[in-house]
Protein chains: 2
Amino acid sequence: MKKNILIYGAVLGLLVAGLKLAEYKLIVIDHSIEIYGGLIALLFTVLGIWAGLKFVKKKEVVVVKEVIVQDPAEFTLNENNLKLLNISKREHEVLMLMAQGLSNQETADKLFVSLNTIKTHSSKLFEKLNVQRRTQAVQEAKKLGLLP
Amino acid sequence: MKKNILIYGAVLGLLVAGLKLAEYKLIVIDHSIEIYGGLIALLFTVLGIWAGLKFVKKKEVVVVKEVIVQDPAEFTLNENNLKLLNISKREHEVLMLMAQGLSNQETADKLFVSLNTIKTHSSKLFEKLNVQRRTQAVQEAKKLGLLP
DNA sequence: TCAAATGTCATGCTTTAGTATGATTTTGAA
DNA sequence: TTCAAAATCATACTAAAGCATGACATTTGA
C-alpha cells in the first residue's frame, strides 16, 4: 500500500516535470493545447486505472482448516415412551440401525436374521410410531427420546 | 459492463467539451496552462480510478480446503460445504424436504415438479454426499452442517 | 455472446421398502 | 406348566426408491 502511494507520487512528479518541459515546446505548435490536454488526459487516465487496480485488486484468500467435532450430546433413552408404544427390545434395535442409515438387508445381516424378519419389525415399528416411512420413523423416534 | 462503458464515454465527452470551452477563458490568465493541465490531470485521474474500480471490482474469493463437521446444536447453514460438494440450491431444497421425511412424490408435489425430477435431484445428491440411501444422506448432511 | 451449469422431464429398468397374512418357535411371567 | 407376547420366517404382493441415460430449456458467468 505505502509503496504504491510512493510510486504513484513519484510517477506523478515525473509527469508534471516532463509536461512542464514539453509545455514550452508544444506551445508553439498549432492546436498544441488540445494535444497537451489530450496527452495529460490519456496519461492520467491510465495512471488512475492503474491506481484503481492496485488498491482494489487484493484478492483475499481465506482458507478454513478448522474442524469442529460433533458434540456427542448426552442421551438418555426414554423407556417410558418405549413401553407406552409397546415397542419391544428387538424393534428398538432395528429402529436404531434404521436411524444409522442401514438398509433392511444390512440390518438383517447385522442381527443375523432374515430380511423378512426385519421387514416385519419395521412394519410394526411404523404402526406403533404412527408413520409410513423409515425416515419419518427416525424423526418421530428422536422426538420421543427413543433415539439420540 | 456495457453501462459503465457508455457512462465512461459520456463523461469523457462532456469533459472534453467542457475543457474546450474553458480553454479559451483560461488561456488569457497567467500560468493558465499549468492550471489547465492540472485540472485535466485531476479529473482524469479520478475518472481513471473510478474506471479501474468499476472494471476490476471482483468479489473476494474464498477458498475452502477442508470439509467442516459441525456441532448440530445451533444450526447455521454451512454454505462452504454446500459449494465444496457442488450442491445446488434446488438440490438443497430437496434434501431438506427429504430430511423431513417426505417421500419423493410428496416432495415433487410440494415443489410443483415431477416425480422424475425429484428422483434426479436425489440421485445427484446421493452421489455428491457419497451415500446410497436417503437416510444416510440426511445423516451426512447434518454432519456437514447442511441441515439442522 | 457463448459455453457451462442448472433445472426439468421422460423411459426403462433393478432394487429396496412396505403391506398383508399366516405359521412356527422362544421366552418370560403368572 | 401354561399362555401370551415376542421373535422368527415365508410367500406374495404393491409401492417407492434408486440408477442410467438422454433430451431440452433456462440461467449464468466469463
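Note that this is a predicted model, so its numbers are computed, not measured. Naming: A, B, ... by sequence-line order, numbering from 1 per chain.
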Atom pairs under 3.5 Å, N or O on each side, protein against nucleotides 6-8 of chain C: can you list them with distances?
from, atom 1, to, atom 2, distance (Å)
dG7(C), OP1, Arg90(B), N, 3.3
dG7(C), OP2, Ser88(B), OG, 2.2
dT8(C), OP1, Arg90(B), NE, 3.1
dT8(C), OP1, Arg90(B), NH2, 2.8
dT8(C), OP2, Arg90(B), NE, 2.9
dT8(C), OP2, His121(B), NE2, 3.0

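Closest contact between the side chain of Arg134(A) and the listed nucleotides dT19(C), dT11(D), dA17(C) involves dA17(C).
Under the salt bridge (charged side-chain N to carboxylate O under 4.0 Å, His left out) criterion, the residue pairs touching residues 134-148 of chain A are Glu140(A)-Lys143(A), with sequence neighbours excluded.
Leu115(A) and Met98(A) end up in different hydrophobic clusters when Ile, Leu, Val, Met, Phe, Trp and Tyr side chains are linked at under 4.5 Å.
Note: CG (Asn116(B)) to P (dA25(D)) measures 18 Å, nearest angstrom. Per the geometry, CG belonging to Leu129(A) stands 12 Å off P belonging to dG18(C), to the nearest Å. For the pair Glu127(B) CD and dA17(D) C1', the interatomic distance rounds to 16 Å; values are reported in whole Å. As rounded to whole Å, 14 Å separates atom P of dA17(C) from atom CG of Leu125(A). Atom NZ of Lys119(B) and atom C1' of dA17(D) are 6 Å apart (whole Å). Here dA7(D) presents its P atom at 13 Å from NE2 of His92(A), a figure rounded to the nearest Å. The interatomic distance linking Arg133(B) (CZ) with dC19(D) (C1') rounds to 14 Å, in whole Å. As rounded to whole Å, 15 Å separates atom C1' of dA20(D) from atom CZ of Phe126(B).
Side-chain contact of Ser123(A) with Thr120(A): a donor-acceptor pair under 3.5 Å is absent, judged by distance alone.
Legend: residues meeting side-chain contact (heavy atoms from CB on, under 4.5 Å) with Glu127(B), ordered by chain and number and at least two apart, are absent. Here Glu79(B) pairs with nothing under the side-chain hydrogen bond (donor to acceptor under 3.5 Å, both in side chains) rule; sequence neighbours left out. Shown here are the side-chain contact (heavy atoms from CB on, under 4.5 Å) partners of Leu111(A), two or more places apart in sequence or in another chain: Arg90(A), Glu93(A), Val94(A), Leu97(A), Thr107(A), Val113(A), Ile118(A).
Glu106(B) contributes atom CD, which lies 4.0 Å from atom CZ of Arg133(A) (distance to the nearest 0.5 angstrom). Distance CD/Gln136(B) to CG/Leu102(A): 7.5 Å, rounded to 0.5 Å.
Taking all atoms of both residues into account, the shortest heavy-atom contact from Leu95(B) to Ala141(B) is CD2-CB, 3.6 Å.
Comparing the end axes of the helix from dT1(C)-dA30(D) to dA30(C)-dT1(D), each fitted to five base pairs by superposing C1' atoms of four pairs onto the next four, gives an inter-axis angle of 60° (nearest 10 degrees).
Phosphate proximity of dC19(D) to Ser123(B): present, with a side-chain N or O under 4.0 Å from OP1 or OP2.
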